[in-house]
Trainee: 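Dumping the structure here so I can ask a few things about it.
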Amino acid sequence: MIAIQGLQKAFREPVLRGIDLTVPKGCLYGLIGPGAAGKSVLLKHVVGLMRPDKGKIFVDGHDLLQMSELELQGFRKRFGIAFQNNALFDHLSVGENIAFPLRRLHKDMTEQEIQDRVDERLRAVALPGMQDRSPPSLSGGQKRRVGVARATVARPPILIYDEPAAGLDPVSSQKIFDLLKKEKGDATVIMVSSDLDRLLTVTDRVGMMLDGKIIFDGTTEQAQNSNNEYVRQFVHGLTEGPL
Amino acid sequence: MSLASPHAAQESLTFRIGKNLFDMSEVAGGMAVLLVRVLWRIARANFDWNEFKTNMYKMGVKSTPIVVVTALFVGAIAVIQAAPMVQQYGAYGLLGWGAGFSVLRELGPLLTALMISGRVGANNTAELGTMVVTEQIDALRILAIDPLGFLIAPRLLAIVLTLVIANIYADALALFGAAIASKAMLGVEYGVFLNGLTSGLLNFGDVAHGLIKSAFFGLMMAIASCYFGLAVKGGAPGVGRAVNAGVVASATGIFILDYFVSFIIG
Ligand SMILES: Nc1ncnc2c1ncn2[C@@H]1O[C@H](COP(=O)(O)OP(=O)(O)OP(=O)(O)O)[C@@H](O)[C@H]1O
Ligand SMILES: [Mg+2]
């Protein structure tokens, strides 16, 4: 379970203005909201990459902010994250990018096991045999899928996806969402996506952020039928409304 | 208050000077903190050996051509500058010493550092900056990898070593260039040049003087280029600005250090 209480963060201007959010264990949580609402910043707080000015974050009962940098380093192994900017290591091949978390976190795996797992991941994201390509030579959508493969390869209990389907065509996008849902197992997942039509086909719960606040939190069905004018406009992609 | 008011202009000028000083001390302080944190990791041998080797190749080996060309011409230039005096006083025997003195102690380390800064330092800032904007640094941290130990410490070591080693080569090549220029321009025989070089007026201290400087220049370049790379904000244009700032800061720092190190180690 991930519990966030009263989270505040300002850079030059306030970005998170008091976020309260609970993501139950095993939930597939969709986080939506317009650009610059603070979604990516919130995700980086959840995985301990950013420290808030105020507020608390509990992950599986552990207080993230009480941890030293060293404890945090160990704790982060629980997370798999696909970053909005892909974050593929340019100096490593696609295969080595995907193998990277395994080499770091599972030192007991044999080379053969690692290669098999990389193979399997590449097939799962429909990029079979792409091991030896270099990330800069991939298309935007291909990079995205490699990012997803790397995030999931070590099978972490908490998965964070920041726009996993951005830049993908509708079919590939739906395939990625279906894959993420199928493989979720009992992991806790937070997914940010602007592709609402498809995102909402896989989520259990949905939260909407606006200007650094959570303005809605409920089940997918509640989101789809919400009377909140912001939520309604955003979920149904209407041009008329307060946004 | 209108913008045209002289008072406002004055205020904003003092404000701007103050702000610039403030920004500069922030940068200097940031670099000092980074240096301490990185040296601490090096002292505990807490850094990535592979990354060090890769960078040694990328920074050191691949810089050889520019070091060779620069060094040969630096030696020749030293001779051109000394030529009028040598001819006026007929002090041909001192040419080796004169060229050697300025090359080993000053020109070699300084120009090698500036050339390498343009190549290695700029490239280093761009690489780190790109890693920041594409969230590669965050991706490392998620995998429990300390970016300072994994990326910065090996680069700092590689840059300092590259500079010291390049300087050894540059010294030899510059003296070689000087000897050729002496013969070609002033007709000074190689034997005479070599004699001036080895007559006892120059000693290992002069070589060491240059090498110590190189090490400091390397530290300066490494810290400035890493600092500005890690501090990148605002996407690809931010990377461009950081490269620019990093090269300027390196060069400025190198000249300032040159003065103080020369002064202190005499
Ligand atoms: N490291 C940072 N330093 C300064 N400001 C930042 C930083 N990261 C984010 N911001 C600012 O915080 C705000 C929220 O950014 P964030 O990336 O969380 O938005 P987002 O909701 O993910 O938007 P998008 O859907 O476009 O990705 C933006 O105004 C951004 O400029
Ligand atoms: Mg974002």
Side-chain angles (χ1 to χ4, degrees), chain A residues 11-12 40-41 43-51 67-92 96-107 135-136 138 140 143-144 146-148 150-151 153-154 156 158-160 162-163, chain B residues 19 23 26 33-34 36-38 40-41 44 46-59 62 123-152 154-155 158 229-239:
Chain A
F11 293 104
R12 248 156 287 140
S40 299
V41 169
L43 295 184
K44 288 195 180 174
H45 280 84
V46 171
V47 297
L49 285 173
M50 286 182 178
R51 295 239 163 186
M67 292 184 196
S68 69
E69 184 58 30
L70 207 68
E71 289 171 312
L72 204 53
Q73 276 187 18
F75 194 76
R76 288 205 191 101
K77 292 173 186 165
R78 296 182 190 214
F79 298 106
I81 174 163
F83 290 89
Q84 186 165 14
N85 294 308
N86 298 318
L88 300 180
F89 302 119
D90 289 333
H91 62 290
L92 297 179
E96 278 308 305
N97 262 282
I98 300 174
F100 200 84
L102 295 178
R103 295 193 195 286
R104 287 290 306 174
L105 306 179
H106 297 271
K107 303 229 155 103
L138 299 181
K143 285 185 196 160
R144 188 111 321 203
V146 175
V148 168
R150 187 177 67 183
V153 72
I158 302 172
L159 279 158
I160 311 273
D162 200 347
E163 298 280 4
Chain B
K19 186 177 177 320
D23 287 349
E26 189 184 322
V33 171
L34 181 64
V36 170
R37 293 174 68 192
V38 173
W40 172 238
R41 281 160 177 83
R44 291 183 309 160
N46 174 14
F47 68 92
D48 192 85
W49 186 243
N50 280 327
E51 190 70 12
F52 170 71
K53 283 189 289 190
T54 316
N55 277 292
M56 245 354 254
Y57 175 76
K58 241 174 30 190
M59 296 170 168
K62 294 229 163 171
N123 192 41
N124 188 41
T125 308
E127 234 178 70
L128 291 173
T130 306
M131 293 188 78
V132 170
V133 300
T134 58
E135 299 177 303
Q136 292 180 53
I137 308 267
D138 285 338
L140 288 175
R141 288 174 61 204
I142 275 291
L143 291 165
I145 296 170
D146 163 36
L148 292 189
F150 186 78
L151 291 174
I152 308 301
R155 280 156 201 261
L230 291 178
V232 163
K233 290 213 170 63
V239 176

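A note on names: the letters A, B, ... follow the listed sequences, proteins ahead of strands, and every chain is numbered from 1. Keep in mind the model is a prediction, meaning the values are calculated, not measured.
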Trainee: Look up atom CZ in A:F83 and atom CD1 in B:I137, then write down how far apart they are to the nearest 0.5 Å.
Mentor: 11.0 Å
Trainee: Taking everything shown except A:R51 itself, do over 12 heavy atoms lie less than 6.0 Å from its CZ?
Mentor: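 Yes, CZ of A:R51 has more than 12 neighbouring heavy atoms, counting only those of other groups under 6.0 Å.
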Trainee: Scan A:I81, A:L88, A:N85, A:L49 and name whichever one has a side-chain contact (heavy atoms from CB on, under 4.5 Å) with B:E135.
Mentor: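 Checked A:I81, A:L88, A:N85, A:L49 against B:E135; only one passes side-chain contact (heavy atoms from CB on, under 4.5 Å): A:N85.
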Trainee: Among A:A154, A:P156, A:A87, which has the most heavy-atom pairs under 4.5 Å with chain B?
Mentor: A:A87
Trainee: Under 3.5 Å, is there a donor-acceptor pair linking the side chains of A:Q73 and B:D146?
Mentor: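 Absent: no donor and acceptor within the cut-off.
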Trainee: Working to the nearest 0.5 angstrom, can you tell me the gap between B:L143 CG and A:F89 CZ?
Mentor: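 B:L143 CG to A:F89 CZ: 6.0 Å, rounded to 0.5 Å.
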Trainee: Could you measure the distance from the CZ atom of B:R141 to the CD atom of A:E69? Nearest 0.5 Å is fine.
Mentor: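 Those atoms lie 6.0 Å apart.
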Trainee: Rounded to the nearest 0.5 Å, what's the gap from CD1 on B:I145 to CZ on A:R76? Could you check?
Mentor: 11.0 Å
Trainee: Please look at A:R78 and chain B and tell me whether the side chain, the backbone, both or neither of the residue comes under 4.5 angstrom of a heavy atom of that chain.
Mentor: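 Neither; nothing under 4.5 Å.
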Trainee: Nearest 0.5 Å please: distance from the CD1 atom of B:I142 over to the CD1 atom of A:I160.
Mentor: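 So the gap between those two atoms works out to 8.0 Å.
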